[in-house]
Structure formats: C-alpha cells, structure tokens
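The structure appears right after this line, and notes come after that.
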Amino acid sequence: MTKIHEISNILLGWYRLHKRELPWRDDRDPYKIWLSEIILQQTRVQQGLPYYWAFIHKFPTIKALASADLAEVYNLWQGLGYYSRANNLHKTAKIIASQYNGLFPHSYPDLLKLPGIGPYTAAAIASMAFGLKYPAMDGNFFRVVGRLFEVDEQSNSTTGKKLYHKLGELLLEGVDSADLNQAIMDFASARCTPTAPNCDSCPLISHCQAFLNGSVNKYPLKTIKNPKKVQYLYFFYTENKIWIRHRNKNTIWNNLFEFPNFISSDPIDISNKYLQVKLYEKDLLIELDGNPHYLKHHLTHITFHIYILKIFSNFAMDKLWKTNGFFVINPKDYKNYAFPKPLVDFITNHLYHV
DNA sequence: AAATCGTGGCC
DNA sequence: TGGCCAAGATT
C-alpha cells in the first residue's frame with residue numbers, strides 16, 4: 001500500500017516538471033474537457049488538436065453546439081474517423097442543453113448515460129472537471145499499470161478490467177485524481193511508450209515489476225486481432241454531374257455521403273469498355289470513358305483497393321441512380337457534405353477542378 | 001463477449 | 001511497407 005502511494009508521488013513529481021500545456025487544461029471547464037476527450041478517443045493529440053480548435057471556435061459553448069445542424073458537426077469532423085463520435089457529440093450536447101440547462105452532470109453514473117461517453121471518458125470528466133476519484137483507464141493507463149504490476153490479464157476482459165480498476169483506485173488514494181490521471185497519460189505518452197521505452201532513465205525503475213523481471217515487452221498483454229480483410233471498391237463519376245448518396249446502411253462511414261459505387265471481395269475486370277455491375281441490387285451496364293484512377297486505403301481491419309472509373313453520362317443512368325437514392329449536386333457545393341477520407345482525396349484530385 | 005468502427009504516424 | 005498503435009464506445 002505504501003509502495004503504491006510512493007509510485008503515485010513519483011508520477012506526480014514527474015508531472016509537475018513535464019506536464020503538457022493543452023488548451024483544455026487551462027481551466028476545469030467540463031465542456032472543453034468533454035470535447036477533447038471525445039476527439040482524442042483512439043486519436044493522437046497532434047491529430048486531434050486542429051479539430052479541437054475548430055470546434056471551440058465554431059461552438060464556444062455547449063449550447064451553441066446543441067443548436068447546430070448535425071451536418072455542420074459532421075463537416076467539422078471530416079477526416080478524423082470514427083464518425084459515430086460526431087453523431088454522439090451532437091446528441092449529448094442536445095441532451096445537456098435541454099435536460100441539464102447546459103451544465104454537465106457531476107456524477108460518474110450520470111455521465112456514463114450520455115451518448116459517446118463510456119467508462120474511460122466518464123472517469124476522465126469526473127476526475128478532471130469535478131475532482132472525483134475515478135481512474136481514467138485508457139491505453140496509456142493499461143500500459144503503465146500493466147508494466148508496473150505485471151498484470152497478467154487482458155485489459156478488455158471482465159477480470160482484467162476489475163483488476164486494473166482496483167490498481168487504479170489504489171493509485172488514486174490520497175492524491176489529486178485529476179493530476180494523477182493526467183500524469184499517467186503524459187508519462188505514458190512521453191516515457192512509458194508502447195515500443196522502445198527508455199527504461200534506463202525511468203524514475204519508476206525500482207518499482208516496475210516488468211523492468212525488474214525483464215518483461216517490459218510482454219506488457220500490457222496483447223489482445224488477439226482478426227486478420228485484415230481485402231476489399232475492392234469501385235466508384236463511378238461522370239464529366240458534368242456529381243452524384244452523391246447518403247449512406248444509411250449500418251456499416252462503415254454510416255451517415256456520410258458517397259459516390260455511386262459497389263464493393264467486391266474479389267477484383268473485377270475493368271479492362272473491358274463495358275462493365276456489367278450490380279449497383280444497389282440493380283444490374284447496370286456501364287460504358288467506361290477514360291482510364292481508371294487507383295487508390296489504396298488502409299483501415300484497421302480492411303485494406304481497400306479503390307478504382308475510380310469515369311463513365312459516360314446519359315439519361316438511363318440518371319433514371320437508374322435516382323431510383324437508387326442518389327441525387328445531383330453542384331461541384332461547388334460538395335464542401336457542404338461530409339465524405340469519407342478516400343472520397344475527399346478523390347474530390348480534391350479530380351472533381352474540385354471540374 | 002467479440003466484432004466493428006477511421007485515420008495518421010511511426011519504424 | 002505492412003503492422004502496430006493511439007485520451008474507447010457500442011452492440
């Protein structure tokens with residue numbers, strides 16, 4: 001027990017010297033903390049920072065965010081990934097504006113009920129904004145604690161979560177939970193890194209079980225992941241019209257906009273001038289016009305081979321696409337819609353100059 | 001409980 | 001360069 005307290009004090013001492021200056025740390029404004037936490041879920045600070053400023057600039061208060069159109073929120077989120085976060089951000093803003101008079105609830109269970117706020121984010125807000133003693137258990141926490149105590153449980157298993165939570169509570173005993181939670185994050189990100197941590201100059205060298213046993217690379221325990229899938233994605237565009245469709249299947253890029261396309265698990269032959277494809281369950285004979293463009297897009301669980309095919313525009317296609325839920329937009333208006341990343345690349349490279 | 005959801009950076 | 005990982009949540 002006293003040893004754990006010693007670890008907390010070392011982390012806090014390190015934090016006082018090396019704390020990162022981040023805009024949501026200037027005060028204890030729960031709106032800023034919440035916004036930053038949602039943006040930073042599975043996202044590095046350097047990647048999220050421009051988005052944080054864009055949101056704060058456009059929506060200085062949670063009521064401003066709540067009264068915005070969902071489309072505006074998606075548009076600001078474009079390029080950040082995990083777009084359900086944008087949807088949940090807007091939902092929670094509306095709930096807090098209407099049911100809580102614009103003020104965040106101060107309890108962990110109430111925070112947990114809000115869309116997009118899970119166990120980690122609820123603990124982060126509860127501790128950083130309201131000083132409550134909840135361990136913020138993110139990837140940083142699991143890495144530092146997993147190594148310090150050689151935790152032989154997966155962080156995503158039921159027993160693992162309980163064990164980590166118990167260790168987190170012990171670390172928070174008798175210290176400022178806002179500071180300690182953030183100290184662990186900054187320490188993990190700067191010093192106790194996933195690969196090649198510089199253990200030789202680590203202030204916790206004599207307390208780290210993994211270092212003492214030479215097992216730093218074993219912790220935190222790795223979770224087994226599924227093999228990556230390969231998919232072939234075929235997009236179509238025409239010279240004078242931009243067709244887009246609102247994705248409403250509950251799959252990747254849900255609620256964003258897309259160009260006419262189909263996905264295949266096998267490559268198809270695009271060397272023919274005429275292409276027989278299935279577009280939303282309707283057979284379509286397409287006459288190609290010009291060479292295809294090719295992109296490769298890597299996701300965590302899928303590798304997309306993307307072919308962009310220019311086709312002739314004619315009345316038959318107009319009719320077919322309209323019946324499949326597509327509609328035409330003016331090229332200069334495309335920025336009003338939120339597209340997945342491969343399509344943003346495509347628009348930038350090929351359509352913006354139309 | 002395990003699968004799914006994006007994108008960028010790093011080596 | 002392909003795999004790993006990042007302030008996880010949801011179903």
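Every heavy atom of this structure was used, including side-chain atoms; hydrogens, water molecules and symmetry mates were not. Keep in mind the model is a prediction, meaning the values are calculated, not measured. Residue numbers begin at 1 in each chain, while the letters A, B, ... track the order of the sequences.
Within 4.0 Å of A:Ile38, counting heavy atoms only, lies no atom of the nucleic acid at all. Contact annotation for A:Trp34: no contact, since no heavy-atom pair falls under 4.0 Å across all strands. The residue A:Thr121 sits close only to the backbone: its heavy atoms come under 4.0 Å of sugar-phosphate atoms, none of a base. Residue-level contact check: A:Thr158 touches the backbone only, with heavy atoms under 4.0 Å from sugar-phosphate atoms and none from bases.
One interatomic measurement links the two molecules: CG of A:Leu49 to C1' of C:dA7, which rounds to 13 Å at whole-angstrom precision. Whole-Å rounding puts the A:Leu114 CG to C:dT10 P distance at 10 Å. Atoms CG (A:Asn88) and C1' (C:dT10) sit 8 Å apart, rounded to a whole Å. For A:Lys162 and B:dA1, the NZ to C1' distance is 14 Å, given to the nearest whole Å. Protein atom CG of A:Leu40 is 8 Å distant from nucleotide atom P of C:dG8, rounded to whole Å. The CG atom of A:Leu112 sits 9 Å away from the P atom of C:dA9 (whole-angstrom rounding). C:dC4 atom P lies 10 Å from atom NZ of A:Lys222, rounded to whole Å. Between A:Lys161 atom NZ and C:dA9 atom P there is a gap of 10 Å when expressed in whole angstrom units.
Within the structure, the salt bridge (charged side-chain N to carboxylate O under 4.0 Å, His left out) test picks out no pair touching residues 188-214 of chain A (sequence neighbours left out).
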Return a table of donor-acceptor pairs under 3.5 angstrom between the side chains of residues 95-103 of chain A and protein atoms on other chains or two or more places apart.
unit_1	atom_1	unit_2	atom_2	d
A:Ser98	OG	A:Lys94	O	2.8
A:Ser98	OG	A:Ile95	O	3.4

Show every donor-acceptor pair shorter than 3.5 Å between a side-chain atom in residues 111-122 of chain A and any protein atom, with sequence neighbours excluded, or say none if there are none.
unit_1	atom_1	unit_2	atom_2	d
A:Lys113	NZ	A:Asp110	OD1	3.2
A:Tyr120	OH	A:Glu37	OE1	2.8
A:Thr121	OG1	A:Gln41	NE2	3.0

Side-chain donor-acceptor pairs of residues 134-142 of chain A under 3.5 Å, sequence neighbours excluded:
unit_1	atom_1	unit_2	atom_2	d
A:Asp138	OD1	A:Asn140	N	3.3
A:Asp138	OD1	A:Phe141	N	2.9
A:Asp138	OD2	A:Asn140	ND2	3.1
A:Asn140	OD1	A:Arg143	NH2	3.1

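Straight-line distance between the P atoms of B:dA3 and C:dC4: roughly 16 Å, to the nearest whole Å. Nucleotides B:dT4 and C:dA7 have their P atoms positioned 24 Å apart, rounded to a whole Å.
Taking 4.0 Å as the cut-off between side-chain N and carboxylate O, A:Asp179 and A:Arg25 do not count as a salt-bridged pair.
Residues passing the side-chain hydrogen bond (donor to acceptor under 3.5 Å, both in side chains) test with A:Ser155: none are found, sequence neighbours excluded. Looking at residues two or more places apart in sequence or on another chain, you find a side-chain hydrogen bond (donor to acceptor under 3.5 Å, both in side chains) between A:His305 and A:Tyr294. For A:Asn248, the side chain to side chain contact (heavy atoms under 4.5 Å, CB included) partners at least two apart in sequence or on another chain are A:Arg245. A search for side-chain hydrogen bond (donor to acceptor under 3.5 Å, both in side chains) contacts involving A:Asp69 returns nothing, not counting sequence neighbours.
Atom CG of A:Asn217 is surrounded by 12 or fewer heavy atoms from other residues, nucleotides or ligands within 6.0 Å. Within a 6.0 Å sphere centred on NZ of A:Lys166, heavy atoms belonging to other residues, nucleotides or ligands number 12 at most.
Checking C:dA7, C:dC4, C:dT10 against the side-chain heavy atoms of A:Lys225 singles out C:dC4 as nearest.
Residues from residues 13-22 of chain A placing a heavy atom under 4.0 Å of any atom in DNA chain C, listed by number, are A:Arg20, A:Leu22. A heavy atom lying under 4.0 Å from DNA chain C marks the following residues of residues 133-140 of chain A, by number: A:Asp138, A:Gly139, A:Asn140.
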Contact state string [nucleotides 2-11 of chain B, B base, S sugar-phosphate only, - no protein heavy atom under 4.0 Å]: -SSBBBB---

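Clustering of Ile, Leu, Val, Met, Phe, Trp and Tyr side chains at separations under 4.5 Å places A:Tyr219 together with A:Leu221.
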